[in-house]
Engineer: 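Just dropping this structure here.
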Amino acid sequence: MIQLNFTLFIQLANFLILLVILNAILYKPILAKIREREALIKGNRDKAAGLEQQVSDQQKRHQEELAKARQIAADEKKTLMADAKKKEVDALSAARAEATKIVEDMKAAIRDQAEEARKTLKAEMAPLAQSITEKLLGRSI
């Protein structure tokens with residue numbers, strides 16, 4: 001059986017004094033440090049979230065700029081290809097015209113040479129024919 005006497009009150013007073021001292025010396029500083037760390041962690045998390053958002057925004061801008069650059073490059077490529085095709089067509093047309101001119105000049109030269117050869121042959125043909133006729137007939141004509 002428990003007896004209630006004066007020592008119980010002394011132990012209760014001792015417990016309350018120890019509780020007040022521990023609260024002042026130990027619990028309040030520990031709780032303050034815990035709150036300080038929680039605030040620091042929360043601040044760091046907010047800062048990290050802000051940095052992640054900045055990185056995300058920069059990546060998005062980078063992707064948009066990259067897409068624009070690709071579009072510009074594609075447009076320039078189309079323009080350059082069209083210019084090259086036009087130059088190719090122009091060069092081929094000029095080459096064809098020059099080739100046609102060369103062929104026509106050659107045909108004209110061949111015609112002139114053929115005509116000259118015909119004239120020469122006609123001029124040489126009469127005496128040759130006369131010579132052959134004289135040899136065949138055995139007399140001069």
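This structure is a prediction, so every number in the text was calculated from the model and none was measured. Count residues from 1 along the sequence.
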Engineer: Do V20 and Y27 share a hydrophobic cluster, counting only Ile, Leu, Val, Met, Phe, Trp and Tyr and linking them when any side-chain heavy atoms are less than 4.5 Å apart?
Structural biologist: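 As far as the 4.5 Å side-chain criterion goes, Y27 and V20 are not connected within one cluster.
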Engineer: To the nearest 0.5 Å, tell me how far M81 CE sits from E88 CD.
Structural biologist: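 It comes to 9.0 Å.
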Engineer: Under 6.0 Å from the CD atom of E64, do we count more than 12 heavy atoms belonging to anything else shown?
Structural biologist: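 Count over threshold, so yes.
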Engineer: Would R35 and E38 satisfy salt bridge (charged side-chain N to carboxylate O under 4.0 Å, His left out), going step by step from the backbone distance to the final call?
Structural biologist: CA-CA 5 Å; R35 286 188 195 111; E38 286 175 352; over 6 Å; no
Engineer: Using modelled atom types and a 3.5 Å cut-off, is there a donor and acceptor pairing between side-chain atoms of T100 and backbone atoms of R96?
Structural biologist: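 Checking the backbone N and O of R96 against the side chain of T100, a donor-acceptor pair under 3.5 Å is found.
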Engineer: Check whether T120 reaches the backbone of E116 with its side chain - one donor and one acceptor, N or O, closer than 3.5 Å.
Structural biologist: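 The answer is yes, because a donor-acceptor pair under 3.5 Å joins these two groups.
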Engineer: Measure the CD-CD1 distance between E65 and I72 for me, rounded to the nearest 0.5 Å.
Structural biologist: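 E65 CD to I72 CD1: 10.5 Å, rounded to 0.5 Å.
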Engineer: Cluster question for you: counting only ILVMFWY and a side-chain heavy-atom cut-off of under 4.5 Å, with indirect links fine, are L18 and I30 together?
Structural biologist: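 Looking at the clustering, I30 is in the same group as L18.
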Engineer: Applying the 4.5 Å side-chain criterion to the ILVMFWY set and letting contacts propagate, would L22 and I34 be lumped into a single cluster?
Structural biologist: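 Yes, because L22 and I34 connect within a single hydrophobic cluster, where side-chain heavy atoms sit under 4.5 Å apart.
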Engineer: When rounded to the nearest 0.5 angstrom, what distance separates CD in E134 from CD in Q130?
Structural biologist: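 If we round to the nearest 0.5 Å, E134:CD and Q130:CD are 5.0 Å apart.
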Engineer: Measure the NZ-CG distance between K85 and D90 for me, rounded to the nearest 0.5 Å.
Structural biologist: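 Nearest 0.5 Å value for the NZ-CG distance: 12.0 Å.
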Engineer: Please name the pair of heavy atoms, one in P29 and one in A24, separated by the smallest distance, quoted to 0.1 Å.
Structural biologist: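 Taking P29 first and A24 second, the nearest heavy atoms are CD-O, 3.7 Å.
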Engineer: I'd like to check I17 versus I21 (side-chain heavy atoms, cut-off strictly below 4.5 Å). Are they in contact?
Structural biologist: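 Yes; the side chains approach each other to less than 4.5 Å.
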Engineer: When rounded to the nearest 0.5 angstrom, what distance separates CZ in R70 from NZ in K77?
Structural biologist: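 Spacing of CZ (R70) from NZ (K77) equals 13.5 Å.
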Engineer: Determine whether K107 and V103 make a side-chain contact, defined as any pair of heavy atoms from C-beta on separated by less than 4.5 Å.
Structural biologist: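 Side-chain contact under 4.5 Å: yes.
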Engineer: I need the K33 NZ to L40 CG distance, nearest 0.5 Å.
Structural biologist: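 These two atoms lie 10.5 Å from each other.
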Engineer: Is the closest side-chain heavy-atom distance between E104 and K101 below 4.5 Å?
Structural biologist: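 Result no, sub-4.5 Å side-chain heavy-atom pair not found.
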